[in-house]
Structures are given as C-alpha cells and as structure tokens.
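Below is one structure, written out as structure tokens; the observations come after it.
Each ligand, and each atom within it, is numbered from 1 in the order the structure gives.
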Amino acid sequence: MKLIMLGAPGAGKGTQAARVAAELKVPHISTGDIFRSNIKNGTELGRKAKEYMDAGKLVPDELTCDLVADRIAQDDCKGGFILDGFPRTIPQAEALDKVLSSRGEKVDYAVNIDVPDAAIVARMSGRRACVSCGATYHIEFNPPKKEGICDVCGAELILRADDKPETVQTRLDVYHEQTQPLIDYYAKQGALVTVDGTQPMDEVFAAILAKLGK
Ligand code: ADP
Ligand code: ADP
Ligand code: ZN
C-alpha cells in the first residue's frame with residue numbers, strides 16, 4: 001500500500017506514520033528526517049536545506065522531488081511505503097504522480113490528520129525530538145520513559161529549533177498557503193481520507209486503520 005500523510009506541522013503525521021508503517025510492514029519515509037540527517041552529517045544538501053528549515057520555509061522542490069523519487073525506487077519500497085511530510089506542494093504531488101504512473105502505480109490513500117491551528121501551537125512547544133533516530137515525544141501527551149532520553153535508541157531529546165512559537169506560526173502560514181491545497185488534489189483523485197487529529201493518539205491510530213480497511 002502506498003500512503004501519504006497530510007496535515008499541518010504538529011498534526012501527528014510522524015507519530016502516526018511510524019505506527020502505521022510498523023502495522024503494514026512498509027518503510028516510513030520522512031523528508032524532514034532525511035534533511036535533518038543530512039544537516040547532521042554536514043552534506044551539501046543539508047547545508048542548502050538548513051537555511052530554509054530554520055526559517056520555517058519549505059526547502060525548494062528541486063532539492064526535494066528527486067530525493068524522494070530515488071528513495072521510493074529502492075527495493076524496500078516494492079511492497080509500498082508511507083511518505084511523511086511529502087508532498088507539501090502541488091508541484092511535488094505532480095512529480096510523485098509522474099514517478100508512480102510511469103510504473104503503473106498510484107497513491108492509494110492520502111491520510112489527512114485534521115487539527116486546528118490553536119491546538120498546534122500548544123502541541124509544538126511540548127514536542128521533543130530524538131537527535132539520533134528522529135523519534136518524537138511530547139512532554140505531556142507522550143513522555144519518554146526517562147526524561148530527556150529516547151526510549152528507542154537512548155540518545156538525547158531536544159526541542160527542535162523550528163518548534164519555537166515564532167517559527168511555528170510561519171510554518172502554519174506556509175502550510176495553509178502551499179500544502180493545504182493538496183487536500184483537494186487528493187480528494188479529486190478519490191484517495192483522500194480524513195481523521196480527527198485532536199483525539200488521543202491511540203484513537204487517531206485506530207481511526208486511520210479503520211479508514212484503510214485494516
Ligand atoms: P513537521 O512534521 O513538524 O511538519 P518536518 O520534519 O516534516 O516537520 O519538516 C521540517 C522542515 O523540513 C519543514 O519545515 C521544511 O523546511 C522541510 N521539509 C520537510 N519536508 C519537505 C518537503 N516535502 N518540501 C519542502 N520542505 C520540506
Ligand atoms: P508532525 O509529524 O505532523 O509534525 P508529530 O507526530 O511530530 O507531528 O506530533 C507533534 C507533537 O504532538 C509531538 O510532540 C507528538 O508527541 C504530539 N502528538 C502527536 N499526536 C498527538 C495526539 N493525538 N494528541 C496529543 N499530542 C500528540
Ligand atoms: Zn532515538
């Protein structure tokens with residue numbers, strides 16, 4: 001099954017994508033994680049992406065589309081994949097459709113996690129991310145077993161620079177302007193399913209599986 005996750009920054013895409021990927025046994029591909037690992041490793045791509053990310057802006061499509069096309073061409077994606085954080089613009093969605101249709105494939109479901117802006121700002125200040133494996137936690141709603149330490153890999157948890165309230169507002173503006181139109185795009189393809197993302201995490205997960213017929 002080929003899935004994409006839609007939703008505002010902080011809607012819970014990463015949290016749910018990780019769980020759905022484990023359930024469906026397909027890779028979870030997060031463009032944000034790919035960029036962050038490039039920044040950490042000091043690559044050319046990381047250097048270019050960092051300035052946009054720190055400002056809460058989108059990394060240009062030219063730097064993003066080929067990277068995803070290469071990733072989904074790898075062997076582990078043969079049985080499907082979950083894209084988390086891509087596509088984020090109409091040109092990205094068109095680029096993805098082009099790659100898939102050249103192989104006689106398509107996006108099976110676009111899972112839209114719906115959360116109003118007011119709830120997002122509160123959520124982001126409590127998000128903590130693992131510097132090593134990308135796992136995310138919330139100090140109140142999903143705390144790690146040991147404060148400041150990742151349950152999965154034992155590395156340190158941080159507040160991402162782009163999760164500061166000023167940058168979160170820019171990211172929300174960018175979301176409404178550039179990413180929200182994808183809801184219509186996938187509705188027209190008949191691929192859109194929407195879940196209420198304000199529910200507790202387990203309920204959001206159950207709602208997604210139900211919509212996927214799992
Ligand atoms: P969140 O899940 O909170 O929305 P992500 O980890 O998905 O955050 O993305 C963090 C940042 O990485 C974005 O604000 C953006 O700068 C960059 N980014 C990630 N995916 C894309 C994409 N598909 N197109 C452009 N920029 C992206
Ligand atoms: P996204 O990938 O869409 O940016 P995340 O999955 O990283 O979002 O979630 C953003 C923050 O909100 C994290 O701290 C996460 O633990 C928390 N979170 C995710 N889903 C829920 C939920 N249903 N209720 C409360 N907090 C949540
Ligand atoms: Zn970790």
Side-chain angles (χ1 to χ4, degrees), residues 4-20 28-39 45-46 48-68 71 82-93 95-96 111-115 119-144 146 148-163 167-168 170-175 178-179 182 195-208:
I4 66 163
M5 306 297 294
L6 292 178
K13 299 181 297 298
T15 301
Q16 298 300 333
R19 296 180 66 166
V20 176
H28 167 201
I29 302 168
S30 156
T31 41
D33 284 351
I34 294 173
F35 288 134
R36 280 184 291 275
S37 101
N38 274 275
I39 292 173
L45 174 66
K48 287 182 184 153
K50 187 176 188 319
E51 59 175 302
Y52 297 99
M53 292 172 77
D54 285 350
K57 303 273 170 61
L58 294 184
V59 178
D61 292 342
E62 310 83 87
L63 295 177
T64 310
C65 292
D66 291 350
L67 179 118
V68 173
R71 180 63 189 85
I82 301 182
L83 286 175
D84 160 19
F86 183 96
R88 259 180 158 97
T89 64
I90 296 277
Q92 289 183 10
L96 176 64
V111 178
N112 178 33
I113 306 182
D114 189 31
V115 178
I120 296 286
V121 180
R123 249 188 215 186
M124 296 301 244
S125 58
R127 168 155 72 178
R128 295 293 180 274
C130 174
V131 289
S132 179
C133 76
T136 56
Y137 300 85
H138 192 282
I139 51 175
E140 190 182 336
F141 307 124
N142 182 27
K146 199 170 164 214
I149 302 293
C150 178
D151 291 350
V152 180
C153 75
E156 183 197 358
L157 301 180
I158 54 152
L159 175 68
R160 271 166 45 184
D162 61 343
D163 280 349
T167 318
V168 169
T170 310
R171 289 164 66 202
L172 277 172
D173 295 343
V174 167
Y175 166 75
Q178 302 197 59
T179 308
L182 294 177
V195 296
D196 173 3
T198 64
Q199 309 170 89
M201 287 173 206
D202 289 349
E203 287 169 35
V204 178
F205 180 56
I208 293 173

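- Among all non-hydrogen protein atoms, the one lying nearest atom 14 (O) of ligand 2 is Tyr137 O, 2.7 Å.
- Where the criterion is an N or O separation shorter than 3.5 Å, residue side chain and backbone included, Ser30 fails it with respect to ligand 1.
- Residues Thr15 and Asn142 have side chains that never bring a donor and an acceptor to within less than 3.5 angstrom of each other.
- Relative to atom 16 (O) of ligand 2, the option among Gln16, Arg123, His138, Glu203 with the closest non-hydrogen atom is His138.
- Of the protein's non-hydrogen atoms, the one nearest atom 15 (C) of ligand 2 is Thr15 OG1, 3.8 Å.
- Of the heavy atoms in Pro200, only backbone atoms (N, CA, C, O) come closer than 4.0 Å to ligand 2.
- The protein atom (non-hydrogen) at minimum distance from atom 23 (N) of ligand 2 is Gln199 O, 2.8 Å.
- Close approach to Gly197 involves these atoms of ligand 2, each under 4.0 Å from a residue heavy atom: 23 (N).
- Ranking the protein heavy atoms by distance from atom 4 (O) of ligand 2 puts Gly10 N, 2.7 Å first.
- Here the side chains of Leu172 and Val121 are in contact, with some heavy-atom distance below 4.5 Å.
- The nearest heavy-atom contact from the protein to atom 7 (O) of ligand 2 is Arg127 NH1, 2.6 Å.
- Close contacts between ligand 1 and Lys13 involve ligand atoms 2 (O), 4 (O) [criterion: under 4.0 Å to a heavy atom].
- Of the N or O atoms in Arg171, one or more lie within a sub-3.5 Å distance of an N or O in ligand 1.
- By the criterion of a heavy-atom distance under 4.0 Å, neither the backbone nor the side chain of Ala17 is placed next to ligand 2.
- Ligand 1 has no nitrogen or oxygen under 3.5 angstrom from a nitrogen or oxygen of Pro9.
- Among the atoms of Arg36, some N or O lies under 3.5 angstrom from an N or O of ligand 1.
- Of the protein's non-hydrogen atoms, Met201 CG, 3.6 Å is the one closest to atom 20 (N) of ligand 2.
- Protein N/O/S atoms closer than 2.8 Å to the Zn ion (ligand 3): Cys130 SG, Cys133 SG, Cys150 SG, Cys153 SG.
- Near Phe141, meaning under 4.0 Å from one of its heavy atoms, ligand 2 places the atoms 25 (C), 26 (N).
- Heavy atoms of Val59 found under 4.0 angstrom from ligand 1 belong to the backbone as well as the side chain.
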